[in-house]
Amino acid sequence: MMNADMDAIEAENQVELEEKTRLINQVLELQHTLEDLSARVDAVKEENLKLKSENQVLGQYIENLMSASSVFQTTDTKSKRKKKLMRDQKTL
């Protein structure tokens, strides 16, 4: 083979090697990004479960406060009295 042909083949091999190296680096970068995103998703899922649990506890606490509070019971009683009064007025 001629020297020019060998130089052309070597240049082509060098371009292919650079392209392969670039692609490998890009794949590695994407893998690291995927690992980071996966870790973030896991952290968000864990935080979500924690917040759901806290919301359930707070919801139960609020329900207990409302059922124990005379304010809410009085309101309920007043509305019952008002309905009874309206029914009584209709029968008159």
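Of the candidates K20, R22, E16, Q14, Q14 is the only one forming a side chain to side chain contact (heavy atoms under 4.5 Å, CB included) with E18. Partner of T21 under the side chain to side chain contact (heavy atoms under 4.5 Å, CB included) criterion, out of N25, I24, L23: N25 alone.
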Quiz: residues 34-61 side-chain donor-acceptor pairs under 3.5 angstrom, not counting sequence neighbours:
{"from": "Q60", "atom 1": "NE2", "to": "N64", "atom 2": "OD1", "distance (Å)": "3.2"}

Evaluate E10 against M6 for side-chain contact (heavy atoms from CB on, under 4.5 Å), listing each step before the verdict. CA-CA 6 Å; E10 191 175 312; M6 290 182 81; over 6 Å; no
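Within a 6.0 Å radius of CD in E19, more than 12 heavy atoms belonging to other residues, nucleotides or ligands are found.
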